[in-house]
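Order of the sequence lines sets the chain letters (A, B, ...), proteins ahead of strands, with each chain counted from 1. Everything numeric here is computed off the predicted structure, so don't read it as measured data. Excluded from the calculations below are hydrogen atoms, water molecules and symmetry mates; all remaining heavy atoms, backbone and side chain alike, are included.
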Amino acid sequence: MKKIADIYINIPVKSIAKPYTYLIPEQFDILTVGCRVLVPFGNRIMEGFIIKIYPDNNSIDTTKLKEIKDIIDTQPWFTPNMYATAKWMADFYMCSLGETMRLFIPGKNSVKIRPIFNINDKEIPLEEWKKLSDKQQALYKYMQAYKDVDLLTLRRSFGSNENFIFDLEKLINKNYITKSYIYHKQAKKIYTDYIILNTLVNDDILATLKRKPAQKKALIYLNEIKEASVTDLKQQHISLTTLKALAQLNYVKIEKKQVLRDSYKNMLVNKAQQRTLTEEQQTAMNTIENSLSQGKNKFLLFGVTGSGKTQIYIEMALKIRALGKQVLILVPEIVLTGQLVMSFKQYFNDDVAVIHSKLSVNERNDTFWRIRTGQVGIVIGARSALFAPFLTLGLVVMDEEHEASYKQDESPRYHSHDVAEKMAQIYDAILLLGSATPSLESFYKAQNGEYTLLTMKERIDNIPMPFIEGVDMREELKHGNRKILSRKLKELISTTLAKKQQLIIMLNRRGFSTFVMCRSCGYVIKCPQCGLPLVYHKQGKLQCHHCDIIEPVPDICPKCSSRYIKFFGSGTEKLEEELSQTFPNARIIRLDRDTTGKKFAHQDILKQFKAGLYDILLGTQMVAKGHDIPNVTGVGIISADSSLNLPDFRASERTFALITQTAGRAGRGSQKGHVILQTYNLEHYAVQYGMQQDYISFYNEELTLRKMLYYPPFCNLIKLIFQNEIEEQAIKIANDFKMDMEKYFSDNDNIQVMGPAPALISKFKDMYRFNLLIKTNDLSIVNKFLRQKNIDINKYITIDINPINTN
DNA sequence: AGCACGCCGACT
DNA sequence: GTCGGCGTGCTC
């Protein structure tokens with residue numbers, strides 16, 4: 001009797017967000033829950049994940065079921081814990097299980113499926129043949145000559161214009177040509193020749209090699225390490241000829257072995273020196289031990305920039321590795337991995353795997369395999385590292401836990417913070433969050449005892465905190481200075497350069513001018529797709545920083561045809577120009593998304609700056625994060641306000657964090673740092689406390705505001721984005737829903753609906769977008785209501801649980 | 001998401 | 001009368 005399985009199809013589409021039932025053919029009886037399979041779906045072959053196998057098929061009508069076509073895994077890819085995580089994510093974020101499960105496989109699909117075409121065996125009668133067009137006849141003749149033709153080959157032979165597809169379908173419909181599918185695994189395994197010692201090495205054997213010094217040397221070397229790859233041996237100056245000769249003598253065996261790609265393998269690092277913890281670090285470790293013995297295993301490590309949080313992560317990782325469990329280290333961006341990977345490699349060497357979105361599918365696949373088979377114990381990576389196939393998990397570290405980039409901003413819109421916390425629970429692992437500026441939510445939890453708070457106030461080696469000075473840019477204007485650089489900052493740059501020390505200058509906008517406006521009619525040139533102002537870049541192009549669309553700069557205003565088109569606002573390119581004009585002898589390098597296109601470009605720039613090849617590093621917030629450059633004593637923050645004026649309740653929090661993080665770059669060596677902070681909002685509390693580096697006061701003031709306005713951490717947020725081609729329709733549907741919901745929850749004061757308000761990107765690809773913001777103290781009842789109303793499968797409504805911004 | 005199906009206007 | 005445009009609905 002054939003068994004039956006429930007399968008989720010690997011497609012990121014809400015409308016098919018349900019399991020489909022298939023028969024398991026007898027030859028695939030080994031299949032279990034968590035295996036990946038190929039199934040017929042509609043008239044295609046698709047990849048699917050088995051989520052359930054029925055013990056018997058008595059109560060199910062099997063006549064309408066299709067059969068599983070082929071298998072991808074014989075062992076389940078999804079462990080029960082991976083499945084539990086995916087399931088929780090789908091429930092919590094109200095998206096399809098297929099959508100969350102596919103996060104866990106390397107690449108979007110495990111197999112590549114492509115259609116191939118062949119002629120049908122039966123002949124075409126002459127009178128039918130005559131009815132075919134010339135093109136159709138040509139196509140048929142072509143397929144008589146070649147077997148298993150795919151679309152790519154046809155395209156090459158029949159021109160790039162797609163007309164042949166029409167004729168092809170005609171022939172398929174008449175059953176002259178058949179269409180079938182072939183598939184192969186996405187990831188290709190690579191192999192290398194491996195040399196394995198095949199004899200006891202003793203004096204007798206070595207004696208036979210008396211006149212063969214190279215072979216003798218090779219054998220002695222192999223005796224020490226037993227086996228090695230041919231490439232590794234080549235580095236030891238042992239040639240393939242030598243090895244082949246040894247193989248002839250049967251002293252060694254040559255075997256093919258799979259190589260697991262790892263571009264971080266040959267990273268050169270110094271061995272870790274003697275570990276000595278500071279008093280604060282030791283206290284933190286003791287607190288962790290005590291809490292663990294009381295069964296508390298969630299920690300918030302609140303440590304100022306430069307206090308040595310990384311060392312705590314390492315200490316904890318050492319403990320967990322000693323227990324044989326795996327460790328996950330999350331970092332906000334690939335950019336930050338460089339520094340942290342180095343530190344971990346010093347202690348763990350090749351026990352470290354790195355995962356991020358710039359890895360090739362092949363390398364990711366190999367890395368996943370090393371994790372899956374327990375060949376590595378430390379996994380460092382950005383968001384996507386959450387979905388590595390851990391065997392066990394004893395510790396989840398989240399560095400810079402306040403970072404907004406932990407939130408995935410497209411479907412499935414998960415927040416790594418939530419997922420990491422859930423995973424820690426599922427795997428029974430320790431959760432360790434770290435930040436110099438914790439998110440309000442996390443610090444609030446620490447205050448309430450949900451997390452154990454670990455505080456480190458001192459910088460390592462008693463390095464003093466930098467001196468921060470604010471410059472009111474309104475005063476600068478009054479004194480006739482219309483430049484980007486204030487007089488004080490210019491002075492700081494001069495004196496720092498004179499001392500042969502380095503500077504970091506942050507301006508959180510890339511490009512040259514931030515908007516282009518017609519002086520005559522006031523028209524601002526906007527992105528045709530999303531309506532945001534286009535940014536002028538130096539190479540003479542206009543770019544949308546949201547859609548990456550590039551447009552030429554118009555000579556005349558598109559609206560009133562006047563020639564008075566001017567550029568306003570300043571970005572990093574303009575700052576670079578002003579700096580090099582003001583300080584012609586300074587060596588300046590820029591770091592922003594425009595200069596970091598290639599895979600390791602970012603690290604290269606930082607490496608060169610660190611090596612002293614440049615005096616000034618300028619860039620967007622990228623320059624604010626993580627790296628430790630001892631010779632930097634001066635830091636300039638050009639516009640602390642740009643993040644302050646955003647219409648979002650987290651604007652103050654972000655501004656405070658950005659100021660603190662950037663200022664923290666100054667004075668990491670023995671010299672005291674000096675920071676100039678330019679702002680138009682000098683009296684704002686986020687700026688003031690940022691200047692004083694006083695997180696606690698900022699937290700208290702911000703928390704009072706949050707409580708008053710009923711925002712997180714006092715409630716949870718759900719953002720609903722309503723889309724429609726007709727603006728009024730979008731507003732009406734949103735409003736109707738709002739009234740519906742308010743009626744349903746009329747007796748519950750803790751659930752509020754705000755809006756509808758036009759989204760920040762109010763029109764995208766001809767769709768108007770309006771937001772509703774739901775505030776609730778109970779996510780689950782709102783979740784239930786939304787499902788009941790089928791909001792979760794409505795393709796014109798996007799649900800964002802715990803959104804990172806509200807506009 | 002694809003892909004078939006089906007209903008309506010343009011062209012041989 | 002046929003071709004082909006795109007809106008609608010389905011996928012075990």
Side-chain angles (χ1 to χ4, degrees), chain A residues 1-25 28 31 33 35-54 56-72 90 95-103 105 107-117 128 130-136 150-151 161-175 177-183 186 410-413 723-726 729 765-767 790 792-798:
Chain A
M1 189 179 65
K2 283 173 189 167
K3 284 196 280 187
I4 289 175
D6 275 356
I7 288 170
Y8 251 91
I9 307 296
N10 179 7
I11 311 183
V13 179
K14 315 192 199 186
S15 56
I16 55 155
K18 58 177 179 194
Y20 291 82
T21 313
Y22 287 85
L23 283 169
I24 303 178
F28 299 147
L31 285 173
V33 169
C35 286
R36 296 172 298 180
V37 291
L38 291 170
V39 290
F41 191 67
N43 52 1
R44 293 179 293 166
I45 299 287
M46 304 250 29
E47 179 178 344
F49 313 120
I50 300 182
I51 60 156
K52 184 175 173 183
I53 290 183
Y54 292 84
D56 59 70
N57 61 18
N58 297 337
S59 55
I60 298 159
D61 175 16
T62 57
T63 53
K64 279 184 287 180
L65 301 184
K66 291 185 182 176
E67 283 193 352
I68 289 172
K69 178 105 178 162
D70 209 341
I71 59 179
I72 301 175
C95 57
S96 132
L97 186 58
E99 225 176 339
T100 57
M101 287 183 89
R102 76 203 299 263
L103 295 170
I105 59 172
K108 286 179 178 153
N109 296 91
S110 315
V111 285
K112 252 206 177 93
I113 303 166
R114 64 194 164 111
I116 52 160
F117 304 94
E128 295 292 321
K130 282 177 182 164
K131 284 185 194 166
L132 299 177
S133 70
D134 291 354
K135 269 190 182 175
Q136 288 167 11
D150 65 0
L151 277 174
N161 58 336
E162 301 281 302
N163 287 342
F164 71 90
I165 298 227
F166 166 77
D167 292 312
L168 189 64
E169 263 166 32
K170 270 268 135 65
L171 292 169
I172 294 167
N173 283 341
K174 289 189 173 162
N175 210 15
I177 286 177
T178 58
K179 180 184 185 181
S180 53
Y181 293 89
I182 59 163
Y183 34 84
Q186 244 329 335
E410 55 198 49
S411 188
R413 299 167 172 270
Q723 302 184 57
N724 204 295
E725 284 112 325
I726 305 158
Q729 203 55 20
K765 289 186 178 165
D766 293 326
M767 295 285 260
N790 290 331
D792 55 329
I793 53 168
N794 186 324
K795 69 174 183 178
Y796 295 104
I797 304 173
T798 306

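- Residue contacts for A/Tyr22: at a heavy-atom cut-off of 4.0 Å it reaches the sugar-phosphate backbone alone, with no base atom in range.
- An OP1 or OP2 oxygen of C/dC12 is reached within less than 4.0 angstrom by a side-chain nitrogen or oxygen of A/Lys66.
- Taken to the nearest 0.5 Å, the NZ atom of A/Lys14 stands 5.5 Å off from the OG1 atom of A/Thr798.
- One atom, CD1 of A/Ile7, and another, P of C/dT11, lie 16 Å apart when rounded to the nearest Å.
- Atom CG of A/Leu97 and atom CG of A/Asn10 lie 11.0 Å apart (nearest 0.5 Å).
- For the pair A/Arg44 CZ and C/dC12 P, the interatomic distance rounds to 10 Å; values are reported in whole Å.
- Counting any heavy atom pair closer than 4.0 Å across all strands shown, A/Pro12 reaches no nucleic acid atom.
- One finds no side-chain N or O of A/Tyr20 lying less than 4.0 angstrom from the OP1 or OP2 phosphate oxygen of C/dT11.
- Per the geometry, CD belonging to A/Glu67 stands 19 Å off P belonging to C/dT11, to the nearest Å.
- Summarising the geometry, the separation between CD1 on A/Ile51 and P on C/dC12 is reported as 16 Å, rounded to the nearest angstrom.
- Rounded to an integer number of Å, the gap from NZ of A/Lys18 to C1' of C/dC12 is 9 Å.
- Expressed to the nearest 0.5 Å, how far OH of A/Tyr8 lies from CD1 of A/Ile51 amounts to 6.0 Å.
- As rounded to whole Å, 14 Å separates atom P of C/dT11 from atom CD1 of A/Ile793.
- Distance, A/Lys52 NZ to C/dC12 C1': 14 Å, rounded to whole Å.
- Reading DNA chain B from its 5' end, the first and the last nucleotide to sit under 4.0 Å from a heavy atom of chain A are B/dA1 to B/dA4.
- With rounding to whole Å, A/Lys69 atom NZ is found 16 Å from C/dC12 atom C1'.
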